[in-house]
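Note that these values count all heavy atoms, side chains included, but never hydrogens, waters or copies made by symmetry. None of these values were measured; they are calculated from a predicted model.
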Amino acid sequence: MPAISRDEVAHLARLSRLALTDDELDLYAGQLDSILTHVAQISEVAAGDDVPATASPNPATNVTRPDVVQQCLTPEQALSGAPAAEEQRFLVPQILGEGA
C-alpha cells in the first residue's frame with residue numbers, strides 16, 4: 001500500500017492553494033510515496049538499539065596551538081599608518097549624531 005495516495009496529494013495541493021493537473025498529481029504522488037518509503041527505511045535502521053546516538057558522525061576535536069608570548073607592536077607602531085590618531089587610539093570621523 002502506498003504511503004500517500006493521489007487523493008491525499010490533491011488534498012494537500014488544495015490546502016496549499018496549488019492548482020495541479022492530473023498528470024502532476026500522479027507524478028507527485030509517486031515522488032512523495034518514494035520519499036516517505038525511504039524515510040521509513042531510514043527510521044527502521046536508526047531505531048535500532050545497537051546504534052548509539054551521536055551529535056555528529058565524525059568526532060570533532062579542536063585544533064589549537066599553545067599560547068606563546070611574542071613580540072607585538074607598540075601603540076606608536078600600530079598607529080603609524082593611521083590617517084589620524086588621538087590618545088593612542090585611531091581617530092575616525094563621527095557617523096552618528098551626538099545624541100546617538
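Distance CG/L32 to CG/L27: 9.0 Å, rounded to 0.5 Å.
What you find for I4 and D33 is that their closest heavy atoms are CG2-N, 3.6 Å. Smallest separation of non-hydrogen atoms from L20 and A13: CD1-CB, 3.5 Å.
Listed by first and then second residue, the salt bridge (Lys or Arg N to Asp or Glu O under 4.0 Å) pairs that reach into residues 10-23 are R6-D22, sequence neighbours excluded.
Partners of S34 by side chain to side chain contact (heavy atoms under 4.5 Å, CB included), not counting sequence neighbours, listed by chain and number: H38. Annotation: side chain to side chain contact (heavy atoms under 4.5 Å, CB included) contacts of L91 (sequence neighbours excluded): A84, E86. A search for side-chain hydrogen bond (donor to acceptor under 3.5 Å, both in side chains) contacts involving E87 returns nothing, not counting sequence neighbours. A search for side chain to side chain contact (heavy atoms under 4.5 Å, CB included) contacts involving L73 returns Q77, A78, not counting sequence neighbours.
Hydrophobic clustering, defined by side-chain heavy atoms of Ile, Leu, Val, Met, Phe, Trp and Tyr closer than 4.5 Å, groups F90 together with L79.
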